[in-house]
Amino acid sequence: MPDLAFRRKSAIENWDHLINNSQPVIYFGMASCGQAAGAAEVRKAVEEALDENFLSAHLINVGCIGPCYLEPIMDVAMPGWARVSYAHMTPAKAKKLVVDALKSGTPPLEDAVGVLEPVENRQTGGLPSFFDQPMLKPQVRIILRNCGLIDPEDLDHYLAHDGYQGLQNALNMRPEEVIEQVRLSGLRGRGGSGFPTARKWELCRAAPGEDKYLVCNADEGDPGAFMNRSLIEGDPHSLLEGLLIAGYAIGASHGVIYTRAEYPLAISRLRTALEQMRESGLLGSHILGSNFNFEIKIKEGAGAFVCGEETALFASIEGRRGMPRSRPPFPAISGLYGKPTVNNNVETISTLPHILRQGADWYHQYGTPNSTGTKTFSLVGKVRRTGLIEIPLGMTLRQIIFDIGGGTEKPFKAVQTGGPSGGCLSAEYLDLPVDYENLKKAGSIMGSGGLIVMDRDTCVVDLAHYFLEFIQKESCGKCVPCRIGTRHLVEILERITKGEGQQDDLDTLEHLAKTISQGSLCGLGQSAPNPVVTSLRSFRDEYEQHIQQGYCPAGVCRDLYQYEISQDACTGCRACVRVCPVDAIEGKLHEPHSIDSSKCIRCRACYETCRFDAIEGKPIQ
Amino acid sequence: MTLDKFPANGNPIQYTQGDLIPLLQSIQERAGYLSPENVSEVARKLHISENEVYGVASFYTQFRFNAPGRHSIKICLGTACHVRSGQKLMEAIERELHIKPGETTSDGLFDLQRVACLGCCALAPVMQIDDQIFGRVTATRLKHILESYA
Ligand SMILES: Cc1cc2nc3c(=O)[nH]c(=O)nc-3n(C[C@H](O)[C@H](O)[C@H](O)COP(=O)(O)O)c2cc1C
Ligand code: SF4
Ligand code: FES
């Protein structure tokens, strides 16, 4: 395969030229999250500063490097210097920083977070490595290794970092050997249930029929998780390389990526990458001169959680309502358009290039014997350091939430794993090593990797209501227990959050939960009660407070608490007076204030503004 | 209208059921919503009933059947945003604009919708106006943001 070798050589030269050149390079974290934090304005300000001062630099957009809480992030690489990373950029700060750096030839060190590779023979100004920060140090970055470091729209950057090496290795093997490598690696599906990837592939490969499909599930339906988005935006070619490897292994010639329409940037990155592949002989017929032919299409979903379920997903691709169907037949025998089909999650597929490049044994060293490798999680909610992380399976929740996430501002209460289908795990589960079996035993699931951290201010009843309402709306309506049962659950939970709960409601919830789990066809219905069952298990007293005392201790259920101002803690700073949208707070400067409950709409503005913890949620008298 | 056909070849476009969702998406992309005329046109093209088109379109939250405002506001009510007071943000915006989700302001400037996750959960609460996503939106920031569109 002379073509790719040649292309790779020039890609490496280009990359070396970029990082060893005499021209400064400025990198902007421009994933969706970076842009939401204002990265585009930062870049614009830098462009203006360069123009105004007749300076020049090479500007590159990169994906998300993980610690989203630091965004906007900008790196400056001056000649002779390592790449220095800066956090919380504003247009003004970035402007000044870039001008200072370029005029003096030295990156300012005061506000720097750390340095990125390469550091050999370069000045670092004594700065630590970016990856030595507490949030990053415990992580193992395999899938995310390129994210935030390379330009996702430049195939050369990917090739210079061993891109498509795994594919080359795979094409030098027989498909059965590729499957064997994946089996030895122990890789399990990252879309939720952890089904061994190689076993699924074997079934499909062995299925009769010439036409086979590979479907990549990029629907990422868990509201509150963004691992797949971030990966695709930051390193689209790793997914596409994985698709080629999987397609070759199972004997498919068509690949379909089914992705959320809410991810426009990810979709455009994929389209760009697909064009680059086609130009480089990585798509179409006789890929890299082999006998392997493969086409990849992108299908945009239209917003339905249940379409993450694979049979519903096939129905959606075929242009029908996304409703699950019963199995058998299994997709490996009859899936998309009735053809043998493998459906794998984005992360599962993006892991393949690494396994094929570095070997099954290498991959197997990470994680636990039954849950090998690494897994990405989106660590969000009330945790201090939010973002995308990648850890070896088997790490405890405590390490994830406290060491990596830096814990919570207010006392920790619980963590929800697995999204709406998962469970709410209280502090007693903090030392649980995270793997597929342990989470299941704890009544939750791994899911696709959402971790929502809750603190004292999160109401578990409200959250259970939130999840069930979501599930109820998303139920496709095919099964009665799922359609009607979840509606009952929602009604009861709603009643409790309004202070109209009845004594036997909690028993009814538990009873209904069993019926729904047992009588539903697909995973949506089967796991729908998980948030209620698990939170009721650990926080029954909080449910009872809602029912018996009409009090929401977290101060979330608006009918079940009123705000009061602690006369001891209040310093009379008037900050709350200024933010209250209905003028419910009165008080003179330096004198304790008071709230008129009849006016208060419980918008929480004062509670969040007060720096002295003087606003307190109290039972309604 | 260009359509992503499968498999890729140069043949003339023959619409099939598989084109229904992409077709509706591209209409909505252009017109902002699906009008009754659009729906019957699609039904004709695909040789299926209008009812079937409505059946599929109403199954997916993406499709809307009334005209949008000049700027479309989406408030994220995904889990991360919910836990970080996304609901309060929604209420604040309802107070500011005097509309509820699904409605358009009387001057036609804004319409309001809820979405379940924009993928920027680490910066919750999150909102989107047209193509621009805003993270860490506080009540004060909300006012500034809305003013910049007035
Ligand atoms: C209601 C429901 C939603 C799902 N959502 C997703 C999803 O968003 N992404 C995903 O990869 N898998 C999702 N799944 C799991 C898929 O059905 C399927 O198991 C998975 O994509 C297989 O890929 P894997 O073997 O690589 O894990 C969902 C399942 C159910 C029941
Ligand atoms: S369990 Fe619920 S979502 Fe799943 S098929 Fe049945 S009704 Fe539809
Ligand atoms: S939950 Fe709001 S962006 Fe994900």
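Letters A, B, ... mirror the listed sequences (proteins, then strands); counts begin at 1.
Neither the backbone nor the side chain of A:S378 comes within less than 4.5 Å of any heavy atom in chain B. With a 4.5 Å cut-off on non-hydrogen atoms, B:L20 touches chain A through its side chain but not through its backbone. Contact of B:V56 with chain A is made through backbone and side chain together, with heavy-atom distances under 4.5 Å. The contact between A:F467 and chain B is made entirely by side chain atoms (from C-beta outward), counting heavy-atom distances below 4.5 Å. There is no contact between A:L388 and chain B, counting heavy-atom distances below 4.5 Å. Using a 4.5 Å cut-off between heavy atoms, A:R321 touches chain B through backbone and side chain atoms alike. Using a 4.5 Å cut-off between heavy atoms, A:C64 does not touch chain B at all. Only the side chain of B:Q132 comes within contact range of chain A, judged by heavy atoms closer than 4.5 Å. Of the atoms belonging to A:V383, it is backbone heavy atoms, and not side-chain ones, that fall under 4.5 Å from chain B.
Per-residue heavy-atom pair counts under 4.5 Å with chain B were compared for A:Q35, A:E300, A:M454, and the maximum is reached by A:E300. With chain A as partner, the option from B:I21, B:L118, B:T140 having the largest number of non-hydrogen pairs under 4.5 angstrom is B:I21. Comparing A:R604, A:E71, A:E233, A:K382 by how many heavy-atom pairs each has under 4.5 Å with chain B, the most go to A:K382. The greatest number of non-hydrogen atom pairs below 4.5 Å with chain B, out of A:G322, A:A261, A:G419, is found for A:G322. Counting heavy-atom pairs closer than 4.5 Å to chain B, the top residue among A:G387, A:P264, A:A225 is A:A225. Most heavy-atom pairs under 4.5 Å with chain B, from the set A:G301, A:S316, A:P67: that is A:S316. With respect to chain A, the highest number of heavy-atom pairs below 4.5 Å among B:F63, B:F59, B:F134 belongs to B:F59. Note on B:A139, B:G119, B:G135, B:C81: by heavy-atom pairs under 4.5 Å with chain A, the leading option is B:G119.
The shortest side-chain heavy-atom distance between A:L463 and B:T79 falls under the 4.5 Å cut-off. Proximity of B:R84 to A:T386: side-chain heavy atoms (C-beta onward) are separated by under 4.5 Å at one or more points. Side chains of B:Q17 and A:R320 form a contact here, defined as non-hydrogen atoms less than 4.5 Å apart. The shortest distance between side-chain heavy atoms of A:R558 and B:E91 falls below 4.5 Å.
Side-chain atoms of A:E608 and B:T138 include no donor-acceptor pair closer than 3.5 Å.
Remark: A:F470 CZ to B:L77 CG distance equals 11.5 Å, nearest 0.5 Å. In this structure, NE2 on B:H82 lies 10.5 Å from CD1 on A:I452, to the nearest 0.5 angstrom. Separating the CG atom in A:D222 from the SG atom in B:C121 is a distance of 8.0 Å, to the nearest 0.5 Å.
At distances below 3.5 Å, not a single donor-acceptor pair connects side-chain atoms of B:Q62 with backbone N or O atoms of A:A304. Here the side chain of B:K88 pairs a donor or acceptor atom with the backbone of A:R602 at under 3.5 angstrom.
Within 6.0 Å of atom NZ in B:K143, 12 or fewer heavy atoms from other residues, nucleotides or ligands are found, so the atom counts as exposed in its surroundings. Residue-environment remark: CG (B:D131) stays at or below the threshold of 12 foreign heavy atoms within 6.0 Å. Atom CD of B:E29 has 12 or fewer neighbouring heavy atoms from other residues, nucleotides or ligands inside a 6.0 Å radius.
Applying side-chain contact (heavy atoms from CB on, under 4.5 Å) to B:C117 and the options A:E262, A:E220, A:R260 leaves one that passes, A:R260.
Across all their heavy atoms, B:L123 and A:C33 have their closest contact at CD1-O, 2.9 Å. Annotation for B:R136 and A:C68: closest pair NH2-O, 3.6 Å, computed over non-hydrogen atoms. Contact record, A:P581 with B:R95: CG-NH2, 3.7 Å, taken as the closest heavy-atom pair.
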